[in-house]
Visitor: 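Have a look at this one before I ask anything.
On a predicted model such as this, the values are computed, not experimentally measured, just so you know.
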Amino acid sequence: MLQYNGIVTLEILYNEIEAFYPDIKKPKDWKAALRGVLYRDVGKSFKKIDNSTYAIIEYDEKDLLPKSLSKGITEKELFTTIRLQQYKFRDMLIKKLKFCPITHISDTRLLVASHIKPWCVSNDAEKLDIYNGFLFSPLYDKLFDRGLITFSKSKKMYISSTLSKSTIMKLNIKEDIYVNLPIMGRENYLEFHNDKIFVK
């Protein structure tokens with residue numbers, strides 16, 4: 001956690017812990033076991049920031065905001081300000097990208113701004129950098145956000161081995177398909193996603 005300034009998403013944690021415990025993924029319920037360890041230590045060594053984000057106990061939640069916005073802000077205003085910044089990020093992405101590159105949906109009510117490198121581990125500049133985002137319809141946003149799909153620099157989709165064949169079939173997604181993603185300028189963020197978020 002310290003290399004991410006004291007905060008990580010579960011997906012990052014899953015990938016980082018595998019480096020120390022290569023056999024961790026052998027049991028079918030390895031993710032639940034890891035979450036159990038976190039839950040046991042929440043309040044002692046860790047704190048839960050949201051559903052899939054944990055921080056060391058000393059972490060200051062104001063670090064979730066760009067420093068220019070965090071001065072003098074109260075704890076009550078913090079998450080409202082974060083949401084407003086994320087809406088701003090979404091509006092900028094919609095103006096630039098206009099539609100989901102997988103479904104081609106352009107109805108803005110159905111588009112989600114997906115950070116490639118998660119907001120919580122991004123520096124101030126990366127948080128609102130439109131090159132740190134894709135526009136996806138909700139299902140693909142969730143798959144991407146949870147590290148269940150990712151993309152290569154050559155715009156091919158890769159699917160996590162943790163998704164069952166049955167789920168993949170129901171989702172109607174295929175490994176190695178070409179997706180016309182706007183990759184240019186996003187290469188470094190995508191490399192982070194592939195290394196730290198994608199669950200192989």
Visitor: Please determine whether a side-chain nitrogen of the Lys or Arg among Lys62 and Asp60 lies less than 4.0 Å from a carboxylate oxygen of the Asp or Glu.
Guide: no
Visitor: Show your reasoning for whether side-chain contact (heavy atoms from CB on, under 4.5 Å) applies to Val112 and Leu135.
Guide: CA-CA 6 Å; Val112 180; Leu135 269 184; over 6 Å; no
Visitor: Closest heavy-atom contact between Ile197 and Pro118?
Guide: CD1-CG, 3.6 Å
Visitor: For this output row, return yes or no: ring centroids of Phe136 and Phe144 closer than 6.0 angstrom.
Guide: yes
Visitor: Where do Gly147 and Ser160 come nearest, in terms of heavy atoms and distance?
Guide: O-CB, 3.9 Å
Visitor: Decide whether Ile177 and Ile149 are clustered together by the hydrophobic rule: side chain heavy atoms of Ile, Leu, Val, Met, Phe, Trp, Tyr closer than 4.5 Å, transitively.
Guide: yes
Visitor: Treat each ILVMFWY residue as a node, draw an edge where side-chain heavy atoms are under 4.5 Å apart, and state whether Met169 and Leu139 are in one component.
Guide: no
Visitor: Determine whether the aromatic ring centres of Phe89 and His115 lie less than 6.0 Å apart.
Guide: yes
Visitor: Salt bridge (charged side-chain N to carboxylate O under 4.0 Å, His left out) for Lys156 and Glu175? Distances and angles first, verdict last.
Guide: CA-CA 8 Å; Lys156 287 187 177 179; Glu175 183 97 333; over 6 Å; no
Visitor: Hey, is the main chain of Ile49 close enough, under 3.5 Å, to the side chain of Thr53 for a donor-acceptor pair?
Guide: no
Visitor: Within the structure provided, determine whether Phe134 and Pro182 are in side-chain contact (heavy-atom separation under 4.5 Å).
Guide: yes
Visitor: Taking the side chain as every heavy atom from C-beta outward, state whether Asp176 and Tyr158 have any pair of such atoms under 4.5 Å apart.
Guide: yes
Visitor: For Lys196 and Glu16, run salt bridge (charged side-chain N to carboxylate O under 4.0 Å, His left out): C-alpha distance rounded to whole Å, both residues' side-chain angles, the deciding distance at 0.1 Å, then the answer.
Guide: CA-CA 7 Å; Lys196 306 295 184 185; Glu16 291 292 339; 2.8 Å; yes
Visitor: I need the Gln3 CD to Ile12 CD1 distance, nearest 0.5 Å.
Guide: 9.0 Å
Visitor: OG1 of Thr150 to NE2 of His193: how many Å apart, nearest 0.5 Å?
Guide: 4.5 Å
Visitor: Check this for me: Lys142, atom NZ, are more than 12 non-hydrogen atoms of other residues, nucleotides or ligands nearer than 6.0 Å?
Guide: no
Visitor: Has the side chain of Glu187 got a donor or acceptor atom that lies under 3.5 Å from a matching backbone atom of Gly185?
Guide: yes
Visitor: Quick check for you: to the nearest 0.5 Å, what is the distance between Glu61 atom CD and Ile82 atom CD1?
Guide: 9.0 Å
Visitor: Listed by chain and number, what are the side chain to side chain donor-acceptor pair (under 3.5 Å) partners of Asp145, not counting sequence neighbours?
Guide: none
Visitor: Does Lys153 pair with Glu191 as a salt bridge, N-O distance under 4.0 Å?
Guide: yes
Visitor: If you compare all heavy atoms of Ile7 against all heavy atoms of Cys120, which two are closest, and at what distance to 0.1 Å?
Guide: CG2-O, 3.4 Å
Visitor: Yes or no on side-chain contact (heavy atoms from CB on, under 4.5 Å) for Thr9 and Tyr14, after CA distance, side-chain angles and deciding distance?
Guide: CA-CA 9 Å; Thr9 64; Tyr14 293 151; over 6 Å; no
Visitor: Does either side chain, that of Ser164 or that of Ser166, offer a donor lying less than 3.5 Å from an acceptor on the other one?
Guide: no
Visitor: Report the distance from atom OG of Ser152 to atom CD1 of Ile183, rounding to the nearest 0.5 Å.
Guide: 7.0 Å
Visitor: Cluster question for you: counting only ILVMFWY and a side-chain heavy-atom cut-off of under 4.5 Å, with indirect links fine, are Val121 and Leu78 together?
Guide: yes
Visitor: Drop me the distance from Ser137's OG to Asp107's CG, to the nearest 0.5 angstrom.
Guide: 11.0 Å
Visitor: Under a 4.5 Å side-chain heavy-atom rule over Ile, Leu, Val, Met, Phe, Trp and Tyr, are Phe99 and Leu181 clustered together?
Guide: no
Visitor: Do Leu64 and Trp119 have side chains that get closer than 4.5 Å, going by heavy atoms?
Guide: yes
Visitor: Any side-chain heavy-atom pair from Phe151 and Val179 closer than 4.5 angstrom?
Guide: yes
Visitor: Which heavy-atom pair separates Leu128 from Met92 by the least distance, and what is that distance?
Guide: O-CE, 3.3 Å
Visitor: In this structure, would Leu171 and Tyr178 fall into the same cluster of hydrophobic residues linked by side-chain contacts under 4.5 Å?
Guide: no
Visitor: Kindly determine whether Tyr140 and Thr103 satisfy side-chain contact (heavy atoms from CB on, under 4.5 Å), including the steps that lead there.
Guide: CA-CA 9 Å; Tyr140 291 99; Thr103 62; 3.5 Å; yes
Visitor: Would you indicate whether the side-chain heavy atoms of Ile73 and Leu65 approach each other to under 4.5 Å?
Guide: yes
Visitor: How long is the straight-line distance from CD1 of Ile56 back to OG of Ser45, given to the nearest 0.5 Å?
Guide: 10.0 Å
Visitor: When you look at NZ of Lys155, are more than 12 heavy atoms from neighbouring residues, nucleotides or ligands closer to it than 6.0 Å?
Guide: yes
Visitor: Could you tell me whether Tyr87 atom OH has more than 12 heavy atoms of other residues or ligands within 6.0 Å of it?
Guide: no
Visitor: Side chains of Leu111 and Leu97: closer than 4.5 Å at any heavy-atom pair?
Guide: no
Visitor: Is any side-chain heavy atom of Met157 closer than 4.5 Å to one of Ile173?
Guide: yes
Visitor: By side chain to side chain donor-acceptor pair (under 3.5 Å), which residues pair with Ser114, not counting sequence neighbours?
Guide: Asp141
Visitor: Considering only residues two or more places apart or on different chains, which pairs with a residue in residues 126-135 satisfy side-chain hydrogen bond (donor to acceptor under 3.5 Å, both in side chains)?
Guide: Lys117-Glu126, Ser122-Asn132, Asp129-Tyr189
Visitor: Could you check whether atom NZ of Lys200 has more than 12 heavy atoms from other residues, nucleotides or ligands sitting under 6.0 Å from it?
Guide: yes
Visitor: Go through Phe198 and Glu11 one step at a time and tell me if the side-chain contact (heavy atoms from CB on, under 4.5 Å) criterion holds.
Guide: CA-CA 7 Å; Phe198 182 58; Glu11 289 73 24; over 6 Å; no
Visitor: Can you name the nearest heavy-atom pair linking Lys174 to Ile159, along with the distance?
Guide: C-CD1, 3.6 Å
Visitor: Ignoring hydrogens, what is the shortest heavy-atom contact between Lys98 and Lys95? Give both atom names and the distance.
Guide: NZ-O, 2.6 Å
